[in-house]
Amino acid sequence: MPQRNMHSWNIMIASYTHSSMYSDALTVFQAFKQCGSLPDHYTLPPLFKISMGLGEPCFGWMCHGLVVKLGYEEIVVVNNSLLEFYIKCGTMSQALSVFFNQNAHRDSVTWNLMISGFGKAGLYSDAVHCFREMLKHQNGFELDYMTLPSILSACGKEGDLLKVKEVHGFIVRNFGFHADAPIGNALIDNYAKCGSLKDSENVFKTVCCVNLVTWTTMIYCYGMHGKGEESVFLFEKMINKGFRPNAVTLTAILASCSHSGLLDQGKKIFSSTISDYGFEPTAEHYACMVDLLGRCGCLQEALQLLKRMKPSSVTGSMWGALLAGCVMHKNVEIGEVAAHHLFQLEPNNTSNYIALCGIYQSRGMAHGVATEGLINFTKGSFLIPFLI
DNA sequence: CTAGGGTTAG
């Protein structure tokens, strides 16, 4: 272009960012700075996304400085993107100082970010508190349906059935029975997390918006409650309705088969889903298969599955699933193989040492407990006398 | 040209 303005630079930076091409976006930003111009309120939000995408929090901190220096704290979109940046970095203390900044304005996005941020940080009661504060403060903007999945998930992870019911009632009073798919999905998931599978089923049967995530969630909920046969039934029904399972659906159904000991169904679903829908199984799928085989006592078969893979692509969760199966079935030989791979992959994870010692102990092999303990125990050595 | 919600895995 013979002549560039702010608009053209901003389009380039935003477009690279939206395409997840963060280093290209950064290169454009640096070229822009060379021209001697300063970023405006359109330039700044993508910069925080670039910082997160590159895993370079320092760049985001620098951009926070630009926001303050250039006086963009009062622009609500800029401040919200800053808030999201600190939440994604896991630094809630910084997020709080942005939230309580006297110069900043708040809107419904600000509140939604805070509520989902508290939830992601595991601070569920703070999320609930924040939701109640939002209801008090919501003069000026309408209650926003985007908050509801976040608050439901915070209540559900807290395990508080009454709170989930309370929010459900709130949804019906404010939005009627026309909640969108993410809200229905969150209701199904969190009723089950609070132990009320009946309520999950009722929501599943009555919601008006159903998508693939709805089916996946319900399949997973049955698995959570040890109802593998219901999961398999629903999985087949879903396919008959014309939904194509994705990678998450497959982990949900495999985990459910595993928890219910449905070995043959699990194996069949694994191979037929992969061939029918043509996607590559991920590390998680292999971990689920090892878990399934291991729980059912097919430890040799599970070990063979891992041995057929390229050694570098066998992950800790696959060996971990195998080790857990060996603990269950008191298998020393395969347990030692799995444990020694884990000692290489995650030397500071004490639960692996404890698992292997548990196998020795269950077989009355006190010598093995002491040897592994002396060689490998770092933090947990006080456990050895108890095991012996 | 700028910001926010839902499902999974030892």
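Quick note on labels: first sequence line is chain A, next is B, and so on, each numbered from 1.
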May I ask you to say what [X] touches in the nucleic acid, namely base, sugar-phosphate or nothing, with a heavy-atom cut-off under 4.0 Å?
{"X": "A/Gly316", "result": "base"}
{"X": "A/Thr217", "result": "sugar-phosphate"}
{"X": "A/Ile183", "result": "base"}
{"X": "A/Phe48", "result": "nothing"}
{"X": "A/Leu342", "result": "base"}
{"X": "A/Ala287", "result": "nothing"}
{"X": "A/Asn352", "result": "base"}
{"X": "A/His18", "result": "sugar-phosphate"}
{"X": "A/Asn246", "result": "nothing"}

Distance, rounded to the nearest Å, where [X] contributes [atom1] and [N] contributes [atom2]:
{"X": "A/His259", "N": "B/dT8", "atom1": "NE2", "atom2": "P", "value": "11 Å"}
{"X": "A/Met289", "N": "B/dT8", "atom1": "CE", "atom2": "C1'", "value": "16 Å"}
{"X": "A/His64", "N": "B/dA3", "atom1": "NE2", "atom2": "P", "value": "18 Å"}
{"X": "A/Arg106", "N": "B/dA3", "atom1": "CZ", "atom2": "P", "value": "21 Å"}
{"X": "A/Asp189", "N": "B/dG5", "atom1": "CG", "atom2": "C1'", "value": "13 Å"}
{"X": "A/Leu44", "N": "B/dT2", "atom1": "CG", "atom2": "P", "value": "13 Å"}
{"X": "A/Asn190", "N": "B/dG6", "atom1": "CG", "atom2": "C1'", "value": "9 Å"}
{"X": "A/Met12", "N": "B/dT2", "atom1": "CE", "atom2": "P", "value": "14 Å"}

Pairing of [X] and [Y] as salt bridge, 4.0 angstrom limit:
{"X": "A/Glu84", "Y": "A/Lys120", "value": "no"}
{"X": "A/Lys193", "Y": "A/Asp189", "value": "yes"}
{"X": "A/Lys198", "Y": "A/Glu201", "value": "yes"}

Task: Atom pair CG/CD1 of A/Leu82 and A/Ile87 - distance to nearest 0.5 Å - done: 10.0 Å

What's the closest nucleotide to the side chain of [X] if the choices are [options]?
{"X": "A/Ala14", "options": "B/dA3, B/dC1, B/dA9", "result": "B/dC1"}
{"X": "A/Lys49", "options": "B/dG10, B/dA3, B/dT8", "result": "B/dA3"}
{"X": "A/Pro45", "options": "B/dT2, B/dT8, B/dG10", "result": "B/dT2"}
{"X": "A/Asn185", "options": "B/dG10, B/dG6, B/dC1", "result": "B/dG6"}
{"X": "A/Met146", "options": "B/dT7, B/dG5, B/dG10", "result": "B/dG5"}
{"X": "A/Glu84", "options": "B/dG10, B/dA3, B/dC1", "result": "B/dA3"}
{"X": "A/Tyr220", "options": "B/dT8, B/dG6, B/dA3", "result": "B/dT8"}
{"X": "A/Ser81", "options": "B/dT2, B/dT8, B/dA3", "result": "B/dA3"}
{"X": "A/Thr216", "options": "B/dC1, B/dG5, B/dT7", "result": "B/dT7"}

Open item on the list: Are A/Tyr42 and A/Met6 packed together at the side-chain level, in the sense that at least one heavy-atom pair is separated by less than 4.5 angstrom?
Closed with: no

Task: Side-chain touch A/Met114/A/Leu96, heavy atoms, less than 4.5 angstrom - done: yes

Return yes if the base of [N] and the side-chain atoms of [X] contain a donor-acceptor N/O pair under 3.5 Å, otherwise no.
{"X": "A/Asp144", "N": "B/dG5", "result": "no"}
{"X": "A/Asp180", "N": "B/dG5", "result": "yes"}
{"X": "A/Thr251", "N": "B/dT8", "result": "yes"}
{"X": "A/Glu284", "N": "B/dG10", "result": "no"}

Open item on the list: By a 5.5 angstrom centroid cut-off and a 30 degree plane limit, is there stacking between A/His7 and B/dC1?
Closed with: yes

Open item on the list: Using the six-membered base ring of B/dC1, report whether A/Tyr42 stacks on it, requiring centroids under 5.5 Å and planes under 30° apart.
Closed with: yes

- [ ] Would you confirm whether the ring centroid of A/His64 sits within less than 6.0 angstrom of the ring centroid of A/Phe85?
- [x] no

Open item on the list: Aromatic contact between A/Tyr191 and A/His168, with the criterion being ring centroids under 6.0 Å apart: yes or no?
Closed with: yes

Using a cut-off of less than 4.0 Å, is there contact between a side-chain N or O of [X] and OP1 or OP2 of [N]?
{"X": "A/Lys120", "N": "B/dG5", "value": "yes"}
{"X": "A/Lys157", "N": "B/dG6", "value": "no"}
{"X": "A/His285", "N": "B/dG10", "value": "no"}
{"X": "A/Tyr72", "N": "B/dT2", "value": "no"}

